[in-house]
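Shown next, in structure tokens, is the structure this report addresses.
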Amino acid sequence: DLMRAWQIGRLGGDSLAEPVLHDPLAVAVAIDPSLIRQLDPMRVTVSSASKGDPPATIPVPGLANAEVVLDVDRTRFEELFAKRILSREP
């Protein structure tokens, strides 16, 4: 039901009805860091919302303040995610 509500919201439904979901890739990487193919240190900041655009994380010059994942094993992630979401196990 949560996934259906999220999909409806993303397809132009009522955005207030969208459930708050975590980032499944971030959770998967926390569980299995070997999903990461490329991790680079960089300095990032969060831009201010403007012209109706939401805030965004952007790279900026300077000393690194984060490790940013630039590439993951997409196939393994999708398999892990589907197995977990479709599982009948709690």
Side-chain angles (χ1 to χ4, degrees):
D1 290 337
L2 284 176
M3 289 302 292
R4 188 173 309 119
W6 179 78
Q7 291 169 339
I8 289 168
R10 289 285 165 215
L11 295 173
D14 180 4
S15 62
L16 296 176
E18 292 181 37
V20 176
L21 299 176
H22 62 275
D23 180 341
L25 180 56
V27 173
V29 166
I31 294 168
D32 184 357
S34 72
L35 290 167
I36 298 171
R37 288 185 175 166
Q38 183 179 355
L39 180 69
D40 288 353
M42 64 178 65
R43 183 162 195 79
V44 295
T45 189
V46 177
S47 69
S48 300
S50 63
K51 299 181 184 177
D53 293 330
T57 304
I58 55 171
V60 294
L63 295 174
N65 62 358
E67 291 182 313
V68 179
V69 175
L70 299 176
D71 190 26
V72 296
D73 185 333
R74 181 178 177 168
T75 301
R76 279 188 50 228
F77 164 70
E78 289 174 348
E79 289 169 356
L80 176 68
F81 183 72
K83 180 179 176 182
R84 217 35 215 148
I85 291 298
L86 300 175
S87 173
R88 294 189 184 263
E89 299 292 321

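We number each residue from 1, following the sequence as shown.
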For Arg43, enumerate each residue passing the salt bridge (charged side-chain N to carboxylate O under 4.0 Å, His left out) test, keeping only those at least two apart in sequence or located in another chain. none
Check Asp23 against Leu25 and note the closest heavy-atom contact, atom names and distance. OD1-N, 3.0 Å
Without swapping roles, check the side chain of Ser47 against the backbone of Ala56 for a donor-acceptor pair under 3.5 Å. yes
So with a 6.0 Å cut-off around CD1 of Ile58, is the heavy-atom count from everything else above 12? yes
Tell me every residue that passes side-chain contact (heavy atoms from CB on, under 4.5 Å) with Arg74, counting only those two or more places apart in sequence or in another chain. Glu78
Got Asp73 and Ile36 here, is their nearest side-chain heavy-atom distance under 4.5 Å? no
Does anything in residues 59-71 pair up under salt bridge (charged side-chain N to carboxylate O under 4.0 Å, His left out), and if so which pairs, sequence neighbours excluded? none
Identify, with sequence neighbours excluded, every residue that meets salt bridge (charged side-chain N to carboxylate O under 4.0 Å, His left out) alongside Asp32. Arg76
Could you pull out the closest heavy-atom pair between Phe77 and Pro24, with the gap in Å? CE1-O, 3.7 Å
Other than Met42, what residues sit in its cluster of Ile, Leu, Val, Met, Phe, Trp and Tyr side chains whose heavy atoms are under 4.5 Å apart, directly or through others? Val44, Val68, Leu70
dist Leu35:CG -> Thr75:OG1 (nearest 0.5 Å) comes out at 11.0 Å
